[in-house]
Amino acid sequence: MQDTANAVPTTSKRWPWNKGKLTGAKPPLRPKHVWSIRTKLQVEGRTRDLAMFNLAIDSKLRGCDVVALKVEDVAPNGYSVDRDGAAEKDRAARQVRIDRADPTSGR
């Protein structure tokens, strides 16, 4: 059995996961980037991801707020709301109106 009193502590050679990466605020997506992401998701048949991406772009919510949305926030009583209608979501401790009728949707 080894003597733990004489053991030499080993130093960890781990690097931070974000070392050398760009941190902080990122520039907003340009319309051509939005459309390329939409097209890629549509071609790959990722309907759920496309719906969440469209909701995030059209409502201007942050990613953490979109992920926290429940079906009840978007479709009360299991029925979708009119496109001209709106849902409300708490954003940074204040209510935000989610307007889903936006010209970027192309519909």
### Query
Which distance, rounded to the nearest 0.5 Å, do you find between the CG of Leu69 and the OG of Ser59?
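Here the interatomic distance stands at 7.5 Å.
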#### Entry: side-chain contact (heavy atoms from CB on, under 4.5 Å) involving Leu29 - partner list, sequence neighbours excluded
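For Leu29 the side-chain contact (heavy atoms from CB on, under 4.5 Å) partners, ignoring immediate neighbours, are His33, Val34, Ile37, Phe53, Ile57.
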Run the side-chain donor-acceptor check on residues 42-51: report pairs under 3.5 Å with partners two or more places apart or on a different chain.
| from | atom 1 | to | atom 2 | distance (Å) |
| --- | --- | --- | --- | --- |
| Glu44 | OE1 | Arg46 | NH1 | 3.0 |
| Arg46 | NE | Asp49 | OD2 | 2.9 |
| Arg46 | NH2 | Asp49 | OD2 | 3.0 |

### Query
In terms of side-chain geometry, is the basic nitrogen of Lys70 or Asp65 positioned less than 4.0 Å from the acidic oxygen of its partner?
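Result for this pair is no, no salt bridge flagged.
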### Query
Is atom NZ of Lys26 surrounded by more than 12 heavy atoms (other residues, nucleotides or ligands) closer than 6.0 Å?
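Counting other residues, nucleotides and ligands, NZ of Lys26 exceeds 12 neighbours.
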